[in-house]
Every structure is written in C-alpha cells, then in structure tokens.
Chemist: 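The following block contains the structure, expressed as structure tokens.
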There are 2 protein chains.
Amino acid sequence: MPTAPSSLSDTDLLRQMIRASGLKVTAPRVAVLRALQQLPHSSAERVFDGVKDELSSTSPQAVYGILAAFTGAGLVRRFDPPGSPALFECRVGDNHHHLVCIRCATVRDVDCVIGQAPCLEPSDNSGFTIFAAEVTFNGLCEQCRTAASTDDD
Amino acid sequence: MPTAPSSLSDTDLLRQMIRASGLKVTAPRVAVLRALQQLPHSSAERVFDGVKDELSSTSPQAVYGILAAFTGAGLVRRFDPPGSPALFECRVGDNHHHLVCIRCATVRDVDCVIGQAPCLEPSDNSGFTIFAAEVTFNGLCEQCRTAASTDDD
DNA sequence: CGGTTTGTTTTGAGTAGTTCAAAACAAACG
DNA sequence: CGTTTGTTTTGAACTACTCAAAACAAACCG
C-alpha cells in the first residue's frame, strides 16, 4: 500500500497516534478516535452512535473499554460534568478548561486566564503532589440565557 | 423551653440555618446538617450512615432528598469528583477549591491562589454568563505518594 | 389549642451509566 | 505462518441516583 490518497492518510495519522501511545492499533480504536475528533465533548454513548455506522458489531461496552484505554494512555481527556455522563475529548496536554451550560449542558473549551498552567499551584497544597487541575465554569450559554429571560425561569 | 444548655443551642443554630434558607425545620434535616458539619466531603451514603444512629426510620432516599433541598437552597455545596459519588460540604459562599487524591480519594479544601474569586473570569466566555467556578486539583496526598514509591506503582 | 394548608418524608420501584469476568479474537513480533 | 500478548465481544451485574404516590409533620391561622 504505497502513497495513499489524503483521506486515507488521515486514518494513518490516527493509527500513528494510537501506536505512539503504546496501544495496539485496531479498527474500533481508529473509529473511536476519529469520532472523537469530529465530535468533541462526547459521552461514551454518543461516541458509540458515531462509530456504529462504520463498525457493525460494536457494543457500547467496547467503546467504554477503548475510551478507558485512551484516557489511561493520555490520548484523550475525560471530563465529568456534574449530573451528566462523562465526556471525552482529544485536546490533551494544554491545560484548558470548560464552560458548561447548566441548562442545556453545552460544553465549550476555554484557555485559561493566567498563562499556560493556571491554578496549577494552589496556595496551600497540604502535602499533595499536583498532577492536573480541572476547572469548570458553570453558567448559562447565550441561547439559554435568552430563553430563560423570555421563559421566565 | 427557655434558656437551653449549650449542647442544645447548637441544635438551635442548625435549625436557624435551615429556616433562614427558606426550608422547614425537621428532625432528619437537622441531623443531616449536623452530620455534614462533623464529616465534610461526605457522600450521601456516608451522611446516611451518620444519621441512622439518631434517626431510626430514615432511608438513603430521604438523605438524597434532603441534600438536594439543601443544595438548591444554597445551604450546602455539592461537588462531583470524577469516578466517585457526589460529595457534600457546608462551606458555601467562599469560592474554595478541592484537592483530590487520585489514589485514596481523600478531599481537602484549598483557598484559591488569586484573591477571592479566582478564575471566575475566563479569558473568553463565549457568551456564557458565569455563575460559579469549580476547581479541582488532581494529585497524590502525602501518604499515598509515600505508599506509591515503596509500593512501586 | 386544634384545624388546615403546605411542604417533607417514607416506601417502593425503576433507570442511566458504568464496570466486571470469561471466552473469542486479532495485532504484532519473530 | 505460528505464537504471544493484548483487545474485543458477550452477558450480566452493580452503584448512584431519581421518580411517583401515599403517609406524615411543620407552620400558620383562627
């Protein structure tokens, strides 16, 4: 299989990413990673919906397993919004944060206010060794704020 | 029932707090609030364990309901650590953050690095109206770090 | 002090999201 | 191409939590 068309080299890139994380490359894994790139902030079930088109014999459990493997390998980041299923995204390494709408559960990425690694140094770490900071802003998205004011919440 | 002893005035204080939040004062609610003051960062089940001594006919569901009412009234704060049940605490209003040990799930409060309301202003809020920021530091507590190095994780 | 209203708790059942274990299977390496 | 090692499938089970309806108690009012 020599010089492949650009649509296939995209797949090759995904394969490389998976292998580089120390994981074996399989069709379900490639499909999950692609689905996640196309639909960031997806729940396991949403990812499953995205891959079941191209993979007929895949179950939600497989997706859970794949996402757990990816998260463990640092390939994807898991994010647990309160009151909703866990969400997954491909943006890793940068220490970005999340804006969550408390009404429609929309999630949007934000870079931090202060430099690259914000809040990564708490004033008193009580002997803890900090690895990562998870920052979530709870609010109302523009659309829901408008709806709330007419709707009278 | 005039001037009560100090052990009872503690209960009275709890009753006042509940009433001040616009909620009716009931025995289970007082017990839950007291248990939460004694054991901060408790799950609903832990709270239930704490109150079932003094309240015989209480069910976990009642505790869920009471905690939901308290959270809605702003009397307690709910905190959802990834991979663990929701935790509740009495410290509200100050915008404090949490240190979570990824090994033993211990939670410890921290005040923020930058002033009173840190990170409450993201660089780009994308039209969102922000109400609160939830900041969680993931790391290893002192005890678990020691255990991890001898244990070789 | 007792009746009425309103909000709370109990009881029971049910659900979503996730995890576990074992067998079938496929990728990677030689 | 065979072997090893890791992955996926299948099926079931479990935890945390929610819902609805009936029993109940607090707060207010006369």
Side-chain angles (χ1 to χ4, degrees), chain A residues 1 11-12 14-33 35 41-49 51-52 54-73 75-76 78-88 105 107, chain B residues 1 11-12 14-33 35 41-49 51-52 54-73 75-76 78-88 105 107:
Chain A
M1 198 183 285
T11 299
D12 280 347
L14 296 172
R15 297 172 64 89
Q16 278 174 30
M17 289 172 67
I18 294 166
R19 184 108 73 119
S21 300
L23 297 167
K24 282 190 179 176
V25 177
T26 66
R29 285 185 173 174
V30 173
V32 163
L33 192 54
H41 309 131
S42 289
S43 65
E45 204 185 338
R46 191 193 186 88
V47 171
F48 173 63
D49 283 347
V51 300
K52 73 180 173 191
E54 45 182 312
L55 273 99
S56 48
S57 66
T58 317
S59 62
Q61 289 88 327
V63 174
Y64 277 107
I66 292 167
L67 289 171
F70 282 177
T71 306
L75 198 57
V76 309
R78 179 184 166 142
F79 163 59
D80 288 78
S84 307
L87 266 31
F88 298 86
V107 176
Chain B
M1 201 183 284
T11 299
D12 281 347
L14 295 173
R15 297 171 63 87
Q16 277 173 30
M17 288 172 66
I18 294 167
R19 184 109 72 119
S21 301
L23 297 167
K24 281 191 179 176
V25 176
T26 65
R29 286 184 172 174
V30 173
V32 163
L33 192 53
H41 309 131
S42 290
S43 64
E45 203 185 339
R46 190 193 187 89
V47 170
F48 173 64
D49 283 347
V51 300
K52 72 180 172 191
E54 46 181 310
L55 273 99
S56 49
S57 66
T58 317
S59 61
Q61 288 89 326
V63 174
Y64 278 108
I66 291 165
L67 289 171
F70 282 178
T71 306
L75 198 56
V76 309
R78 178 185 167 143
F79 163 59
D80 289 78
S84 307
L87 266 32
F88 298 86
V107 176

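Just so you know, these numbers use all the heavy atoms, side chains as well, and skip hydrogens, waters and symmetry mates. We name chains A, B, ... by the order of the sequence lines, and we start the count at 1 in each one.
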Chemist: If we only count heavy atoms from C-beta on, is the Pro28(A) to Val51(A) side-chain gap below 4.5 Å?
Modeler: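 Counting from C-beta outward, Pro28(A) and Val51(A) never come under 4.5 Å.
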Chemist: At 4.0 Å (heavy atoms only), tell me whether Ala44(B) reaches a base, stays on the sugar-phosphate, or touches nothing.
Modeler: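 No contact.
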Chemist: Rounded to the nearest angstrom, tell me the gap between atom CZ in Phe48(B) and atom C1' in dT10(C).
Modeler: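 Rounded to whole Å, this separation is 12 Å.
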Chemist: Let me know the distance between NZ of Lys52(A) and P of dT8(D), rounded to the nearest Å.
Modeler: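 Distance check: Lys52(A) NZ to dT8(D) P gives 19 Å.
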Chemist: For the side-chain contact (heavy atoms from CB on, under 4.5 Å) test, which of Leu33(B), Val25(B), Leu23(B) pairs with Met17(B)?
Modeler: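 Answer after filtering Leu33(B), Val25(B), Leu23(B): Leu33(B).
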Chemist: If you find the nucleotide of DNA chain D closest to Pro28(A) and the one closest to Ala86(B), which residue's nucleotide is nearer the 5' end?
Modeler: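 Mapping each residue to its closest nucleotide by heavy atoms, the 5'-most match is Pro28(A).
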Chemist: Between Leu87(A) (CG) and dA16(C) (C1'), how many Å, whole number?
Modeler: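 Distance, rounded to whole Å: 15 Å.
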Chemist: Looking only at heavy atoms, what is the nearest atom pair of Ala27(B) and Leu55(B), with distance?
Modeler: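 Answer, listing the atom of Ala27(B) first, then Leu55(B): O-CD1, 4.1 Å.
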Chemist: Which ones in residues 19-26 of chain A lie close to DNA chain D, meaning a heavy atom under 4.0 Å from one of its atoms?
Modeler: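 Correct list: Leu23(A), Lys24(A), Thr26(A).
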Chemist: Could you tell me whether the side chain of Val47(A) reaches within less than 4.5 Å of the side chain of Phe88(A), counting heavy atoms only?
Modeler: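 Contact flag for Phe88(A)/Val47(A) side chains = no.
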Chemist: Given dG17(C), dT19(C), dC17(D), identify the nucleotide with an atom nearest to the side chain of Pro85(B).
Modeler: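 Side chain of Pro85(B) sits closest to dC17(D).
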Chemist: In this structure, how many angstroms lie between the C1' atom of dT18(D) and the CD atom of Glu45(B), rounded?
Modeler: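 The distance from CD of Glu45(B) to C1' of dT18(D) comes to 16 Å, rounded to the nearest Å.
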Chemist: What is the distance from CG of Leu67(A) to P of dT18(C), rounded to the nearest Å?
Modeler: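 Whole-Å distance recorded here is 10 Å.
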Chemist: Should we say atom CD of Glu45(B) is surrounded by more than 12 heavy atoms from elsewhere, each under 6.0 Å from it?
Modeler: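 At most 12 heavy atoms, drawn from other residues, nucleotides or ligands, come within 6.0 Å of this atom.
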Chemist: CG of Asp80(A) versus P of dC17(D): gap in Å, rounded?
Modeler: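 Computing the Asp80(A):CG to dC17(D):P distance gives 12 Å.
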Chemist: For residues Lys52(B) and Thr58(B), determine if any side-chain heavy atom of one lies less than 4.5 Å from a side-chain heavy atom of the other.
Modeler: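 No, side chains not in contact.
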Chemist: Using whole Å, what does the distance between atom P of nucleotide dA25(D) and atom CD1 of Ile18(B) come to?
Modeler: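 The answer, rounded to whole Å, is 17 Å.
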Chemist: Which of these nucleotides, dC17(D), dT8(C), dT7(D), is closest to any side-chain atom of Arg29(B)?
Modeler: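 Closest nucleotide among those given: dT8(C).
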Chemist: Touch check for Ala68(B), heavy atoms < 4.0 angstrom, all strands: base, sugar-phosphate only, or nothing?
Modeler: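 Contact class for Ala68(B): none.
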Chemist: Expressed in angstrom and rounded to an integer, what is the separation of Arg46(A) atom CZ from dA16(C) atom P?
Modeler: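 Atom-to-atom, Arg46(A) to dA16(C), this comes out as 18 Å.
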Chemist: For the residue pair Val107(A) and His41(A), what are the closest heavy atoms and their distance?
Modeler: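 Heavy atoms of Val107(A) and His41(A) come nearest at O-ND1, 3.5 Å.
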Chemist: So, for Asp80(B) and Ala86(B), which heavy atoms are closest and what is the spacing to 0.1 Å?
Modeler: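 Heavy-atom minimum between the residues: OD2-CB, 3.8 Å.
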Chemist: Heavy atoms within less than 4.0 Å of DNA chain C: which residues of residues 55-66 of chain A have one? Give them sorted by number.
Modeler: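 Contacting residues: Gln61(A), Tyr64(A).
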Chemist: Is any side-chain heavy atom of Arg78(A) closer than 4.5 Å to one of Phe70(A)?
Modeler: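 The answer is no, as the side chains (C-beta and beyond) never meet within the 4.5 Å cut-off.
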